[in-house]
J.: 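Would you mind keeping the following structure in view while I ask a few things?
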Number of protein chains: 2
Amino acid sequence: MTQKLKDEAILAPANGVTLIDVAKVAGVSPITVSRALHKPEVVSEQTRQKVQQAVEQVGYIPNMLAGGLASRQTKLVAILVPTISHSIFADLLKAAMDGLSEAGYQSLLGITDYSVDKEEQLLGTILGRRPDAIVLTGTEHTTLTRKRLGASGVPVVEAWDWTDDPIDMLVGFSHEAVGTAMAQHLYEKGYRRFAGLFVSDNRAMRRCHAFYEALSVLGIEADDAVVMSPPASLKEGREGMRELLARDTRPEVVVCSSDTLAQGVLAEAAEQGLQVPSDIAVMGFGDMANASQLHPALSTVRLDSARVGALIADALLKRFEDQRSCVRLDMGFELIDRQST
Amino acid sequence: MTQKLKDEAILAPANGVTLIDVAKVAGVSPITVSRALHKPEVVSEQTRQKVQQAVEQVGYIPNMLAGGLASRQTKLVAILVPTISHSIFADLLKAAMDGLSEAGYQSLLGITDYSVDKEEQLLGTILGRRPDAIVLTGTEHTTLTRKRLGASGVPVVEAWDWTDDPIDMLVGFSHEAVGTAMAQHLYEKGYRRFAGLFVSDNRAMRRCHAFYEALSVLGIEADDAVVMSPPASLKEGREGMRELLARDTRPEVVVCSSDTLAQGVLAEAAEQGLQVPSDIAVMGFGDMANASQLHPALSTVRLDSARVGALIADALLKRFEDQRSCVRLDMGFELIDRQST
DNA sequence: CTTCTGGATGATTGCGCAATCATTTGTATG
DNA sequence: CATACAAATGATTGCGCAATCATCCAGAAG
């Protein structure tokens with residue numbers, strides 16, 4: 001077959017052509033075509049090639065609706081994240097999608113806007129697509145969500161958090177441990193006057209509480225954190241910083257619930273002519289790609305969300321291979337000292 | 001029915017329960033259940049309620065594979081973007097998804113990494129899901145992509161760009177016009193020594209060429225732009241800036257292919273003790289949420305990608321209602337002067 | 001009282017494919 | 001040369017649903 005012929009043939013529509021058309025052209029039965037495409041090892045090399053040629057000639061594109069209905073597996077994985085506007089979740093999502101697509105799985109994205117109710121609602125329509133697995137962010141869900149997932153038997157990964165009572169699989173880290181570690185770390189660096197700037201999502205607040213708890217254990221009293229509502233953008237960071245600076249005593253270090261917030265703090269400090277870290281130090285959370293490139297480079301907590309995404313994909317692929325596999329992985333985290341503390 | 005009963009009932013698995021089960025419980029035929037759910041107006045209020053109750057009692061979740069196969073519409077829209085790590089595309093995607101989900105459509109995300117070949121490959125598997133429409137970023141595609149789309153008859157929106165020869169629908173703006181406008185604008189502000197810092201993706205390069213073309217029309221000779229390979233992050237911005245500053249003559253203004261790159265330029269300028277804009281001015285592209293919050297606030301080109309996303313959704317919904325509808329919309333853009341120029 | 005109309009419901013069929021079981025063919029073994 | 005056995009292929013069936021056409025019934029019109 002010439003290249004030209006192939007090019008013209010392959011363009012056939014996704015609508016008309018079915019397995020049967022391919023079978024006719026190849027001179028075999030429809031089921032043999034199906035096998036040639038999905039289980040080439042059980043078909044003779046000769047017929048496999050005939051089928052392959054026929055597929056290209058008629059421009060066949062398998063109908064995965066029909067395939068999924070018949071085989072009860074959709075090669076679809078639903079991934080629910082609170083937002084895609086934070087590089088943390090964008091990176092996680094990208095890595096998970098890449099890992100899954102290598103194994104032939106497509107991803108169905110859901111954005112929960114940090115709301116467990118929206119998560120529940122998304123889940124309702126998503127389950128209608130009969131995904132082979134579902135990835136959730138966090139371990140906080142509505143009871144209905146938990147029940148539906150438990151009853152549906154779909155493999156689940158809860159990501160980006162840690163709990164002793166997971167629905168199924170788990171890839172993440174303890175936000176309480178992060179809060180505690182940040183407090184101890186900054187204390188050991190000699191800071192004594194602390195301020196917190198957090199966004200009021202579930203996980204950030206848990207880091208916040210652990211942070212203040214640890215401070216109190218260290219014998220330090222600190223003013224309450226400034227708490228903003230999501231999303232966490234530079235704007236919130238600047239506003240929060242202004243609020244902190246308006247207080248009676250200026251803190252030595254500002255601990256933020258995300259790098260983005262911290263970046264806003266840096267911008268506000270620059271605007272007000274404050275030197276970082278000599279006048280005021282700043283610590284973020286997330287180690288997004290920008291963090292090391294800011295001026296001054298941002299001290300933060302490194303999570304490697306791309307790795308979390310990749311490990312989510314791994315966990316799922318393992319489960320697909322072996323029903324009994326159940327990955328539960330505490331990724332940990334790493335404190336990164338740069339110029340801002 | 002008590003709340004408790006409902007809660008317990010609704011949790012039934014997504015696997016076992018079918019329309020037929022609902023029909024039995026409701027005491028009607030399966031097809032009546034289908035109608036009660038999809039076309040409530042043709043069913044009497046009484047049976048509609050009976051069905052609704054039965055659905056909740058048995059925890060029925062419609063199988064959209066079966067529904068899609070039978071009705072030939074999947075309520076799925078595929079959206080292909082080059083990356084989700086730029087807020088421009090993240091916002092566009094989010095807005096499009098929101099607009100579509102309100103009308104009951106789910107989105108299938110594909111990330112092309114700025115590669116038309118990857119786009120082609122993604123399209124292959126995506127067409128297997130028989131989406132009701134496809135959204136592509138840009139107007140540059142492989143010939144096979146064009147042919148497949150043309151032949152498949154699926155509604156297509158090309159977004160974020162402009163062309164006289166669209167595949168189908170079009171929502172975007174002219175990148176050439178942006179390049180030209182930036183050159184004229186900066187010229188009018190009095191700048192004469194220009195430098196360009198661009199990333200080598202198709203659309204950025206077209207803005208770049210138009211920019212230099214316009215400069216040359218204005219009688220200005222400028223050194224070649226520094227061209228980095230994607231992705232465009234702060235790091236590339238800083239590196240590019242260092243390269244520019246190493247040249248014989250320092251430019252008065254640096255024009256960047258994205259706000260992120262520009263942000264890197266600002267960071268490098270700060271690091272090197274250069275005042276912006278007095279020592280060197282900077283202009284970005286995109287007006288991401290951060291741009292106005294940086295220090296100094298970034299002059300840029302405003303695109304409102306969320307609006308593009310919303311209009312994409314509108315264009316598709318219109319098409320779904322009326323086969324003949326074919327939106328082609330030039331969104332234009334807006335130059336924004338802030339502190340950095 | 002008959003005929004007509006239209007609203008409400010049901011029966012049948014097929015969407016495109018893979019699982020399952022059945023059959024054919026080719027090859028090795030005694 | 002008969003038997004066994006595996007590899008390769010085919011026929012049938014059902015996945016869960018909506019489109020299509022058919023039926024039923026109540027009330028209006030004549």
Side-chain angles (χ1 to χ4, degrees), chain A residues 12-51 54-55 58-76 104 125 127-132 152, chain B residues 12-51 54-55 58-76 104 125 127-132 152:
Chain A
N15 29 20
V17 186
T18 76
L19 254 194
I20 298 184
D21 301 317
V22 178
K24 280 180 193 153
V25 172
V28 296
S29 74
I31 187 63
T32 298
V33 174
S34 172
R35 279 196 280 249
L37 295 176
H38 300 300
K39 303 179 197 166
E41 68 279 6
V42 308
V43 163
S44 76
E45 180 57 21
Q46 192 193 1
T47 54
R48 205 194 57 67
Q49 285 186 7
K50 268 194 308 186
V51 168
V55 163
V58 301
Y60 173 64
I61 296 183
N63 184 327
M64 302 187 76
L65 299 177
L69 188 60
S71 70
R72 296 162 166 291
Q73 66 152 332
T74 50
K75 293 273 179 180
L76 249 194
T125 59
L127 283 176
R129 307 270 175 202
R130 301 296 187 267
D132 290 340
S152 74
Chain B
N15 29 21
V17 185
T18 76
L19 253 196
I20 299 185
D21 301 315
V22 178
K24 280 180 193 155
V25 171
V28 297
S29 74
I31 188 63
T32 299
V33 174
S34 172
R35 280 196 280 248
L37 295 176
H38 300 302
K39 303 180 197 164
E41 68 279 6
V42 308
V43 163
S44 76
E45 179 57 19
Q46 191 193 0
T47 55
R48 205 194 57 66
Q49 287 186 5
K50 269 194 307 186
V51 168
V55 163
V58 301
Y60 173 64
I61 296 184
N63 185 327
M64 302 189 75
L65 299 177
L69 187 60
S71 70
R72 297 162 167 291
Q73 68 152 332
T74 51
K75 292 276 182 177
L76 248 194
T125 58
L127 283 176
R129 308 266 175 204
R130 301 296 188 266
D132 290 340
S152 75

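Every heavy atom of this structure was used, including side-chain atoms; hydrogens, water molecules and symmetry mates were not. Letters A, B, ... mirror the listed sequences (proteins, then strands); counts begin at 1.
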J.: Taking 4.0 Å as the cut-off, does a side-chain nitrogen or oxygen of S29(A) come that near to OP1 or OP2 on dT9(D)?
T.: no
J.: If you only use heavy atoms from C-beta on, which nucleotide in dC15(C), dT9(D), dT9(C) is closest to the side chain of T47(A)?
T.: dT9(D)
J.: Taking for each residue the nucleotide of DNA chain D bearing the nearest heavy atom, is the 5' side occupied by T32(A) or by L65(B)?
T.: T32(A)
J.: Check whether the side chain of R72(B) and the base of dG16(C) form a donor-acceptor pair under 3.5 Å.
T.: no
J.: Is a donor-acceptor pair below 3.5 Å formed from side chain R130(A) to base dG16(D), judging by atom type as modelled?
T.: no
J.: Please report the distance, rounded to the nearest Å, between CD in E41(A) and P in dT9(D).
T.: 13 Å
J.: With a cut-off of less than 4.0 Å, is there a side-chain N or O of K50(A) near OP1 or OP2 of dA8(D)?
T.: no
J.: Check every strand shown and say whether L69(B) touches a base, only sugar-phosphate, or nothing at a heavy-atom separation below 4.0 Å.
T.: base
J.: Specify the closest pair of heavy atoms between P40(B) and R48(B), including all atoms of both residues, with the distance to one decimal.
T.: CB-CD, 3.6 Å
J.: Compare side-chain N and O positions of S44(B) against OP1 and OP2 of dT9(C) and report whether any pair is under 4.0 Å apart.
T.: yes
J.: dT20(C), dG10(C), dG16(C): which one has an atom nearest the side-chain heavy atoms of T18(A)?
T.: dG16(C)
J.: Please confirm whether the backbone N or O of L69(A) pairs with a side-chain atom of R72(A), one donor and one acceptor, at under 3.5 Å?
T.: no
J.: What residue among D21(A), L19(A), V25(A) forms side chain to side chain contact (heavy atoms under 4.5 Å, CB included) with Y60(A)?
T.: L19(A)
J.: For V22(A) and V51(A), work out which heavy atoms get closest and say how close.
T.: CG1-O, 4.2 Å
J.: I need the NZ-C1' distance between K24(B) and dG16(D), as an integer number of Å.
T.: 13 Å
J.: Below the 4.0 Å mark, does dA19(D) have OP1 or OP2 next to a side-chain nitrogen or oxygen of K39(B)?
T.: yes
J.: With nearest nucleotides of DNA chain C determined for I31(B) and G68(A) from heavy-atom distances, which residue corresponds to the more 5′ nucleotide?
T.: I31(B)
